[in-house]
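Just so it is clear, the model here is predicted, and its values are computed rather than measured. Chain identifiers are assigned alphabetically (A, B, ...) following the order of the sequence lines, protein sequences preceding nucleic acid strands; residue numbering begins at 1 within each chain.
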Amino acid sequence: MAARRHAAAAARRVARGRRGSLTCAVPPPPDDEMSRFRRPFAEALAPAVELPVDEVEALLGTPPRPEMGQLAFPCFQLAKTRKQAPPAIAAEIAGKVRATGAIQDIVATGPYVNAFLDGRAVAGDVLPAVLEGGEAYGRLDLGKGRAVTVDFSSPNIAKSFGIHHLRSTVIGHALVNMLEAAGYRPVGINHLGDWGTQFGQLLAMWDVCGDEAELEKRGIEYLLELYVDFNKARDVNPALQDVARAKFKALEDGDAEARRLWALFRKVSLDEFERVYGMLGITFDDMRGESFYEDLMPAVLNELEERGLLSESEGATVVDLEEYELGTALVRKADGSTLYLTRDLASAQFRKDTYDFVRSLYVVGGSQSLHFDQMKKVLELMERPWHADIEHVPFGLMRFKDRKMSTRKGDIVPLKDVLERTIALARETIVKGAEEKGRELPADLDELAHRIGVGAVVFNDLKNRRVRDVVFDWDEVLSFDGETGPYLQYTAARIASMEARHGRPITADVDFALLDGPGELALVLALADLPEALRRGIEAGEPSLVSDALLEIASLFSTLYSNKEWKVLSDDAALTDARMLLAHGVRQALCNGLGWLGIAVPARM
RNA sequence: GUUCCCGUAGCUCAGUUGGAUAGAGCACCGGAUUUCUAAUCCGGCGGUCCUAGGUUCGAGUCCUAGCGGGAACGCCA
């Protein structure tokens, strides 16, 4: 099956998966930094509001502008029971409640009761936690070491690793890292598309013009050429598809020569894939491709038979799911060979047996929603209670701006080319910058350019909600301005440079009254929000929630940083220490968050 | 045809369980650099939140019906 992955589908637009496919039980209130400030406000309000503290806390929101405070309690719902106008209620409550601790002031603003947090107290609470947390800042203990499998990347053997594989690869990788950071035991699975009729196609073509010397020389490029040639030939002579099916049947039945060639194709492909994964810094815990499940499929089919779930339809064997509005699911072709779904049923069971997951994620394009719905339904009918733990994490497919991608026509932009081009641009930018500023070129120019170029590509894919289609646009990928990976890296690099200049160890023993300004407060609160972004990101299977949090942090810091009146390093030792602690916290948060996204942070830029 | 996804500024997108004046980036225009890295920052320009009903004290958000774009729907994966 050329894997689950949009082989042919690359040419089509994607359907997005279902909303809420990842909704699971809402976890208890997070034990993160921000909740430390919400809770006391809720406790202070509760008596005057005459509601339980939990309910009050749940109602708390954030005012639209910082001048209005940091926390808001809306009084609309009270208006009914009290038969008073919301502003009057807000005024009354504000008059009764006294500000204590980290809450500096409580004022009624229209229909809201707003709390102003004490910048000194908040900074004193958050910044030491960031410093002490270090690389662990933001980490959570949600998972308690429980396993979550993440099926991602999963390219088809015998085709170049194209830009269209980027999405599953980077989203899945980010989710693996995020799960790990949240205390889960993630299992990254590369379910290689190394089985299926496509190999019949390749073998059919090989009979006509296969050349091992050529394969040796040109590797995967040659395999792609065969694949494209096959599709061309089939357009003229549709009977070739039957030849291909017969070839795959032979492969499945153990034909020696077919097996030998298959193994060769697989190896040539893997060598190519490993190069790309190396560039991205991605490894997998499990590289079992579809072929591995070959032996497990008879058991699946037997059980389906025993449970009376199978029926015959036009020669093929199917599970009828019409009553669930899921159509009919084919599990065995008329010629007896198996299908995508059959193998996924076997692999799902294998993963449960092997890893005992509490969640099993499939980072696969949204066009395959029906497939996963069918798979889950069949597992449910097979009385596997864990069918509910399987979650399709769909994403929109990538298209070109001016044309459609068609793997069948060999119309692939190799991911390697994209990365090389962005790396080259990063290098140019570094060199140009060094010239303009009269600085020396960094000794580790190659490493820097690599991190920046790759970071740009990865972040570009992770910054938006994954269900959206992505239009591949060179201009966009090659832009390092604005909301981009290089922007975040750059912000961290500037701070690293200050830390080096600072020279002294960074301490949490500072005068937090020096960090009392509104800019500092907003920034500290943004830092405090990072764990929550991680929690929500995992819950929704959505790395962009982390991306957003990082952009917010970098943007708030950059605003402070560019203010001429606001210098981190100065003659005032106490002020320098305080601001250095804040700046360091920003760098730490950016490094940690970018790490979760699978983006390396250069030491300088 | 049926089902699913999407529709917010010229472009790309944010927008917690429904809450205050719908926010960013890009592009464009104008500023900021003797001073911690200008891959930056500040200001300006820019909106029938697809349409019409409905629910609600309150709708970009929820419901219904349409419109527009995309996807899936048996021997591909």
Side-chain angles (χ1 to χ4, degrees), chain A residues 1-9 12-19 26 58-59 61-65 68 72 74 76-77 79-80 85-86 109-112 156 193 195-198 201 241 245 290 313-318 325-330 332-335 337 339-341 343 365-371 373 394 396-397 399 426 429-430 433 436-437 439 452 463-465 467-471 473 475-476 479-484 486-487 489-491 493-495 497-498 501-502 532 536 544 548 551-552 555 558-564 567-570 579 583 604-605:
Chain A
M1 89 174 168
R4 36 188 100 268
R5 340 316 152 150
H6 32 264
R12 294 170 231 146
R13 293 220 177 181
V14 197
R16 291 60 178 257
R18 350 207 111 180
R19 165 184 286 176
V26 178
L59 287 170
T62 309
R65 286 185 307 285
M68 303 165 88
F76 303 100
Q77 293 185 13
K80 260 185 198 164
T109 306
Y112 294 87
N156 292 321
W195 208 241
T197 308
Q198 55 166 350
Q201 298 175 345
Q241 185 64 30
R245 263 191 222 114
E290 289 183 286
S313 172
E314 296 170 36
T317 308
V318 305
E325 295 181 344
L326 290 171
T328 52
L330 253 83
R332 189 167 53 203
K333 292 188 264 189
D335 68 4
S337 60
L339 289 120
Y340 184 28
L341 179 63
R343 292 188 280 273
S367 58
Q368 295 182 48
S369 291
L370 179 60
H371 165 76
D373 287 344
L397 280 199
R399 298 179 300 115
T429 308
I430 295 167
E436 280 171 5
K437 291 161 196 163
R439 288 201 300 255
I452 295 163
K463 70 178 173 184
N464 294 142
R465 274 164 56 238
V467 293
R468 305 197 79 105
D469 280 358
V470 171
V471 175
D473 180 352
D475 291 340
E476 196 187 324
S479 164
F480 296 165
D481 298 332
E483 297 171 334
T484 64
Y487 170 55
Q489 295 171 320
Y490 178 69
T491 307
R494 290 205 288 198
I495 296 170
S497 147
M498 283 189 300
R501 195 177 288 245
H502 180 57
E532 174 67 1
R536 289 181 54 216
S544 70
D548 276 352
L551 285 169
E552 177 76 3
S555 167
S558 294
T559 297
L560 277 176
Y561 178 86
S562 56
N563 181 348
K564 285 181 205 144
K567 293 288 176 193
V568 174
L569 305 174
S570 69
R579 287 181 177 170
R604 51 184 278 189
M605 282 176 76

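Closest to the side chain of A:I430, from the set B:rC75, B:rA72, B:rA39, is B:rA39. Of the listed nucleotides (B:rC41, B:rA20, B:rU37), B:rC41 has the atom at the smallest distance from the side chain of A:S562. For A:D481, the listed nucleotide lying nearest its side chain is B:rU40; candidates were B:rC76, B:rU37, B:rU40. Considering only the side chain of A:L569, B:rC36 comes nearest among B:rA20, B:rC76, B:rC36. Of the listed nucleotides (B:rA39, B:rU35, B:rU37), B:rU35 has the atom at the smallest distance from the side chain of A:K564. Of the candidates B:rG74, B:rA38, B:rC76, the closest approach to any side-chain atom of A:Y490 belongs to B:rA38. In the set B:rU35, B:rA20, B:rU37, the nucleotide with an atom closest to the side chain of A:P63 is B:rA20.
In this structure, A:Y487 does not pack face-to-face on the six-membered ring of B:rU40, missing the 5.5 Å centre cutoff or the 30° plane limit.
Rounded to whole angstrom, the span from the CG atom of A:L330 across to the P atom of B:rC75 amounts to 7 Å.
With hydrogens and angles ignored, no donor-acceptor pair under 3.5 angstrom links the side chain of A:R494 to the base of B:rU40.
The CE atom of A:M605 sits 8.0 Å away from atom CZ of A:F480, with the distance rounded to the nearest 0.5 Å.
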Per-nucleotide protein contact string for nucleotides 9-18 of chain B (B base, S sugar-phosphate only, - none; heavy atom under 4.0 Å): ----SSSBB-

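For A:R501, a side-chain nitrogen or oxygen approaches OP1 or OP2 of B:rU37 to under 4.0 Å. At least one side-chain nitrogen or oxygen of A:S497 sits closer than 4.0 Å to the OP1 or OP2 atom of B:rU37. Within the structure, a side-chain polar atom (N or O) of A:T197 is placed less than 4.0 Å from OP1 or OP2 of B:rC76.
Nucleic acid contact class of A:T559 (heavy atoms, under 4.0 Å, all strands): sugar-phosphate only.
In this structure, A:R494 has no salt bridge (Lys or Arg N to Asp or Glu O under 4.0 Å) partners at least two apart in sequence or on a different chain. Listed by chain and number, the residues in a salt bridge (Lys or Arg N to Asp or Glu O under 4.0 Å) with A:R65 are A:E67 (sequence neighbours excluded).
Residues A:A426 and A:A72 each lie close to RNA chain B; by heavy-atom proximity, the contact nearer the 5' end of the strand is made by A:A72. For A:S555 and A:K567, each mapped to the nucleotide of RNA chain B holding its nearest heavy atom, the one lying further toward the 5' end belongs to A:K567.
Under 3.5 Å, the side chains of A:T317 and A:K333 contain no donor-acceptor pair of N or O atoms.
More than 12 heavy atoms of other residues, nucleotides or ligands lie within 6.0 Å of CD in A:Q241, so this atom counts as buried by the packing criterion.
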